[in-house]
Structures are given as structure tokens and as C-alpha cells.
Number of protein chains: 2
Amino acid sequence: MSPLPRGKAPQMAIRRLSMYYRTLASLREQGVENVSSEHLSELTGSTAAQVRRDLAYFGSFGRRGVGYEVRTLQAHMREILGIGQGWPMALVGVGNLGSALLAYDGFPRQGFRIVEAFDSDPRRVGTVVRDVVVKPMDQLRDTIQARKIAMALVAVPAKAAQGVTQQLIDAGVRCLLNFAPISLKVPPDVYLASVDLSIEVEYLSYLLRESVAVNADSGPELTGLGNTVPG
Amino acid sequence: MSPLPRGKAPQMAIRRLSMYYRTLASLREQGVENVSSEHLSELTGSTAAQVRRDLAYFGSFGRRGVGYEVRTLQAHMREILGIGQGWPMALVGVGNLGSALLAYDGFPRQGFRIVEAFDSDPRRVGTVVRDVVVKPMDQLRDTIQARKIAMALVAVPAKAAQGVTQQLIDAGVRCLLNFAPISLKVPPDVYLASVDLSIEVEYLSYLLRESVAVNADSGPELTGLGNTVPG
DNA sequence: TTTGCCACGTGAAACATATCACAAGCACTT
DNA sequence: AAGTGCTTGTGATATGTTTCACGTGGCAAA
Ligand SMILES: NC(=O)c1ccc[n+]([C@@H]2O[C@H](COP(=O)([O-])OP(=O)(O)OC[C@H]3O[C@@H](n4cnc5c(N)ncnc54)[C@H](O)[C@@H]3O)[C@@H](O)[C@H]2O)c1
Ligand SMILES: NC(=O)c1ccc[n+]([C@@H]2O[C@H](COP(=O)([O-])OP(=O)(O)OC[C@H]3O[C@@H](n4cnc5c(N)ncnc54)[C@H](O)[C@@H]3O)[C@@H](O)[C@H]2O)c1
């Protein structure tokens with residue numbers, strides 16, 4: 001019961017669950033009560049078989065011949081993803097990006113909230129952004145331990161990112177979302193996700209260049225590999 | 001130049017090339033002239049075999065028994081990824097995130113530049129952010145066509161994102177980097193990448209919850225999967 | 001030249017993920 | 001009660017990616 005009953009799901013399946021979750025929330029707002037794997041796949045850009053397989057990693061939530069009840073399937077997704085626990089998050093680096101992250105309403109909407117922010121710049125410290133007071137770095141450890149914060153966002157310059165990461169880990173943070181363009185080193189019991197815009201943009205650049213090369217070189221065939229799955 | 005001679009590379013291999021590229025740039029700044037697949041793998045968090053395989057999709061750039069010359073390998077990465085063409089980019093949505101993106105120095109450093117910005121809010125239009133004048137949406141099509149812009153960043157609210165995307169595609173844009181939490185629909189000849197913070201954060205949340213479940217395997221942990229929480 | 005060592009490049013094996021195809025199950029009708 | 005139509009859940013299959021292991025070529029020193 002407690003731990004995810006079936007075989008371990010691929011990373012990409014988990015990410016798709018997030019999309020299903022959000023789509024289900026949207027459907028519910030529209031008053032839709034039932035949805036099929038076919039319908040869900042159209043809304044999320046997946047395939048029906050993929051949707052069913054993704055869900056099957058965690059249980060069987062539908063009824064044959066009918067589909068899935070939006071309400072209960074959403075509840076299951078929330079449970080699996082750990083949403084609704086209202087995870088408190090810490091932010092380090094309240095610059096251009098950090099300020100935008102503090103203003104991002106997508107976090108609270110999904111049950112996550114930035115409750116503490118830190119910066120090394122004395123001019124930033126003490127300022128209030130979105131009801132959050134920016135604290136100096138020397139308060140990071142105690143604050144995070146006191147509030148039992150397990151998740152943190154790193155939005156400092158690349159050269160400062162590894163140091164900040166170590167401070168966060170020492171303070172007890174278990175999950176990191178890094179925005180600095182650098183590959184952070186973390187111990188195996190700390191989970192790391194990165195948002196790296198250079199990688200995204202250069203991947204698009206590659207695809208564009210490739211499609212030009214293919215079109216110019218041989219056949220008129222354009223690369224059918226259209227969409228990039230988020231990740 | 002090189003018409004990508006070998007079999008097609010996995011998506012993830014391309015993304016790793018971006019990391020290799022950035023690492024090589026860093027090595028070069030440090031005056032390092034040669035690097036082995038082993039060394040490169042340590043710096044990027046990959047494996048030596050993975051590095052060699054990734055590179056092998058595009059050619060053989062090293063010398064056996066020696067390794068790779070940093071300078072030339074970097075040049076090859078730049079060629080493959082299409083960096084250095086100085087791709088001009090357009091930004092739509094100059095809000096919290098859009099303003100941060102305009103200020104992001106990682107783009108110009110990697111050879112990409114936001115040269116045009118658009119917003120539907122009359123109060124934003126006309127303002128200047130980082131030498132870029134914010135233009136109204138009705139100038140989007142002509143501006144993008146005139147400047148032959150092929151890549152665009154979408155930083156508008158989710159409900160406006162699909163409409164903006166269509167306008168961009170109609171104007172001739174071939175590559176889109178989307179920040180709105182929604183799965184955009186694009187034709188197969190348009191390339192799409194997405195940065196979706198909810199997916200990242202929920203993935204971390206999943207890992208954290210999973211690790212807790214595993215560690216507390218015997219315990220009568222709360223979370224029962226059958227427990228449907230009303231939203 | 002020969003010897004010894006090194007690290008690349010690459011087939012082949014192992015592993016992971018996605019897709020197919022259909023039996024099983026449910027709702028509804030007759 | 002049996003029939004019809006529909007959709008799930010899942011073995012089996014196909015496809016894709018990573019890892020292994022070693023032949024190959026290259027450098028340096030004796
Ligand atoms: N601006 C963007 O849109 C954007 C997009 C993607 C990634 N990033 C990355 O995010 C990071 C921040 O970008 P930004 O544009 O907000 O830069 P910024 O310079 O505006 O902000 C960085 C902030 O970090 C603080 N800081 C610096 N060193 C610190 C330290 N050791 N400890 C704590 N705080 C420290 C600075 O005082 C500053 O407030 C960079 O790594 C950047 O590459 C930025
Ligand atoms: N703020 C963040 O840190 C953050 C992070 C990740 C993703 N996002 C996403 O990025 C998008 C923008 O976020 P934000 O925080 O900057 O919001 P914001 O409200 O500050 O900015 C949105 C901007 O888009 C403009 N806009 C609205 N409709 C438009 C239209 N039809 N055409 C052109 N412009 C239009 C608005 O005038 C505004 O300037 C949202 O989808 C958000 O979910 C934001």
C-alpha cells in the first residue's frame with residue numbers, strides 16, 4: 001500500500017504524470033467528469049498506449065469500457081507526485097531570475113511555495129519580494145533546519161552555484177532545482193534537477209541546422225522528428 | 001560544412017554535447033589544451049564511454065592514445081550545434097520572466113541574442129529593456145519576417161501561449177522555446193522545446209516522497225493510495 | 001626499430017523504453 | 001441472459017540507448 005506497488009517507472013513517465021495531472025485539473029475546471037486514455041493523450045501530446053502504460057506503473061485507476069474518472073485520477077496523480085503536502089521551498093539568489101521565481105504563481109498553484117529567500121548581496125538583504133524577506137546567507141543553515149525545508153532553488157551565478165549547493169545540502173536540503181549553467185556535484189542521496197537554457201536553445205539550434213542540411217543535401221524528405229518532449 | 005555523416009544521435013546525446021561544449025570553453029579559459037574522454041566525463045557528470053559514443057555520432061575528433069584537443073573539439077561542437085551563427089531570437093511576453101530572460105547573459109555568451117521583444121500590454125509597449133524596445137503584437141509578423149528570425153521564446157501566460165505560438169509560426173519562426181505550463185501543439189516542421197518548472201519540481205517531489213516511502217518501509221506511513229482527497 | 005603504454009572508436013551485449021495488439025471487463029440494450 | 005460496443009490493463013514485441021570490452025592507431029622512450 002504505502003510504497004508504489006509496481007515496477008519502477010522511467011523518469012520520463014514521471015514527468016508525463018505531471019502533465020496528466022495538470023491536464024486533469026484543467027478538465028475538472030471545465031466540468032469534465034470522465035476521460036479516456038485516448039482523450040488524455042490528445043491533450044498532452046502523448047499516445048493512448050503511453051498514457052495507459054504510464055498509469056499502469058502505479059496501479060489501475062480506470063474502468064474498462066468507460067475510462068478514468070477525472071476527479072479520482074487527479075487525486076491519484078497528486079498522491080504519487082507528492083503534491084498537496086504543500087512543500088515549502090527555499091530560494092538562493094534573488095536577482096533577475098530569482099525575483100521572477102518568487103513572483104511565479106505556478107508554484108503555489110501546484111502546491112509548492114517559496115517561503116524563504118537568501119542572497120549574499122547586502123543591498124538585497126532585507127528587501128521584501130512577494131511577502132518573503134530576503135535573508136543573508138549566514139542565516140541559511142538555521143532557517144532551513146528550523147523550517148525543515150527539503151527543497152531549494154538555486155538561482156545564483158554559475159561560479160557561486162556549487163558553493164551554495166553545498167551550504168544547502170549541509171543545512172539538510174534533499175532536493176535541488178538548479179538554474180545556473182553548470183553541472184553540479186551532489187551526493188547520491190540528494191536529488192538534483194536542472195533547468196539549463198543553453199542546452200534547450202542549442203538543441204533547437206541543432207535541429208534547425210540539421211533540417212537545413214538535410215533539405216539542402218539529399219531528398220526533399222523533412223525530418224519527421226517534430227516535437228521535443230519537455231525535459 | 002559537415003553534413004552530419006553518421007547515424008542519427010539520440011536527443012539526450014545532443015543535450016550532452018551542449019554540456020561538453022560549455023565545459024570545453026571553461027577548460028580553454030583555464031589554458032588546458034588537451035582532454036581525455038575520462039576527464040571530460042568527470043567534469044560533466046557523464047561516463048567516458050558515453051562521451052566517446054556521443055562524439056562518435058558525428059565523427060572522430062580525437063587521437064588514439066592522446067585524447068582530444070580542446071580547441072578543435074570545441075570548434076566541432078560549435079559546428080554541430082549551430083552555435084556561432086549568432087542566431088537572433090524574438091521574445092514574446094515581457095513580464096517577470098521575460099524581463100529576466102532579456103537580462104540573461106548566458107544567451108549572448110553562447111551566441112544567441114534576443115533582438116526583438118513583443119507584448120500585448122500597452123503599458124509595456126515602448127519600454128526599453130536591455131537595449132531592446134518592446135513592440136506591440138501587431139508588429140510581430142512583419143518584424144520577424146523582415147529580420148528573418150527563426151527562433152522565439154514564449155513567456156506569456158498559459159492561456160495566451162497557443163495563440164502566440166500560432167502567430168509566431170505564421171510569421172515564419174521554426175524553433176520555439178516555451179515557458180508556459182501547457183503542452184503546445186505545433187506542426188511537425190516546427191521544433192519545440194519546453195521549460196516546465198512544475199514538471200521539474202514535481203519530479204523532485206516524487207523522488208523525495210519515494211525515498212521516504214522506501215526508508216520507512218515497515219512503518220505505518222500515512223499516505224494510502226486509496227485515500228481520495230477533494231481538491 | 002622495438003617496446004610499452006595509452007586512450008580512442010566501435011561492434012556487440014545488455015539494458016531501458018515505447019508500441020502493438022488483444023483478452024478481460026464494464027455499461028447498456030434487447 | 002445474452003449481445004454489442006467500447007476502453008482498460010498488460011503480455012509480447014519492437015525500438016532505442018547505454019555500457020562493455022577490445023582492436024586500433026598513435027606517442028614516447030630506450
Ligand atoms: N536571468 C535569466 O533569465 C536566467 C535564465 C536561466 C538561468 N539563469 C541563471 O540563473 C542564475 C541567476 O541569474 P540572474 O540573471 O538572476 O543573475 P543576477 O546577477 O541578476 O542574480 C544573481 C543573484 O545571486 C546573488 N549571489 C551571487 N553570489 C551569491 C552567493 N555566493 N550566495 C548567495 N547569493 C549570491 C547576487 O547577489 C544576485 O542577487 C545565473 O546562474 C544565470 O546563469 C538566469
Ligand atoms: N515568473 C517565473 O519565474 C516563471 C517561471 C516559469 C514559467 N513561467 C511562465 O512564463 C509565463 C510568464 O510568466 P510571468 O511570471 O513573466 O508572467 P507575467 O504576467 O509577469 O508576464 C506575462 C506577460 O505576457 C504579456 N501577455 C499576456 N498575454 C499576451 C498575449 N496574448 N500576447 C503577448 N503578450 C501577452 C503580459 O502583458 C505580460 O507582460 C507564464 O506562462 C508563466 O507560467 C514563469
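Just so we're on the same page: letters track the sequence lines, and every chain starts at 1. Values in this document were obtained by computation on a predicted structure and should not be read as measured data.
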Nearest-Å distance for atom pair NE2/P, residues His39(A) and dT8(D): 12 Å
N or O in side chain of Thr47(B) less than 4.0 angstrom from dT19(D) OP1/OP2: yes
For atom CG of Leu17(A) and atom P of dT17(C), their distance in whole Å: 14 Å
Within 6.0 Å of CD in Gln11(A), more than 12 heavy atoms from elsewhere: yes
Euclidean distance, atom CD of residue Gln11(A) to atom C1' of dT18(D) [Å, nearest integer]: 14 Å
Phosphate OP1/OP2 of dG9(D): any Ser60(A) side-chain N/O under 4.0 Å: yes
Nearest-Å distance for atom pair CZ/C1', residues Arg53(B) and dG11(C): 8 Å
Distance test, side-chain N/O of Arg16(A) to OP1/OP2 of dA18(C), below 4.0 Å: yes
Backbone of Ser183(B) reached by a side-chain donor or acceptor of Thr44(A) within 3.5 Å: no
Global bending angle along the helix from dT1(C)-dA30(D) to dT30(C)-dA1(D), which compares the axes of five pairs at either end, to 10 degrees: 0°
Validation row: Tyr191(A), Ser211(B) side chains within 4.5 angstrom (heavy atoms): yes
Backbone N/O of Leu81(B) and side chain of Ser205(A): donor-acceptor pair under 3.5 Å: yes
Short side-chain donor-acceptor distance under 3.5 Å, Tyr206(A) and Glu210(A): yes
Euclidean distance, atom CZ of residue Phe58(A) to atom C1' of dT10(D) [Å, nearest integer]: 16 Å
Nucleic acid contacts of residues 61-74 of chain B, taken as heavy-atom distances under 4.0 Å to DNA chain C: Phe61(B), Gly62(B), Arg63(B), Arg64(B), Gly65(B), Val66(B), Gly67(B), Tyr68(B)
Closest heavy-atom pair and its distance - Ala155(A), Leu91(A): CB-CD1, 4.1 Å
Toward the 5' end of DNA chain C, by each residue's nearest nucleotide, Ser36(B) or Gln50(A): Ser36(B)
Spacing of Glu38(A) atom CD relative to dC20(C) atom P, expressed in whole Å: 12 Å
Any Ser37(B) side-chain N or O less than 4.0 Å from OP1/OP2 of dA7(C): no
Gln110(B): side-chain hydrogen bond (donor to acceptor under 3.5 Å, both in side chains) partners, not counting sequence neighbours: none
Separation between CG of Asp54(B) and CD of Gln50(B), rounded to the nearest 0.5 Å: 4.5 Å
Test log, rule side-chain contact (heavy atoms from CB on, under 4.5 Å), inputs Val173(A) and Met151(A): CA-CA 6 Å; Val173(A) 163; Met151(A) 207 176 292; 5.8 Å; no
Distance, rounded to the nearest Å, where Met12(A) contributes CE and dT19(C) contributes C1': 18 Å
Rounded distance in Å - CG (Asn34(B)) to P (dG26(D)): 16 Å
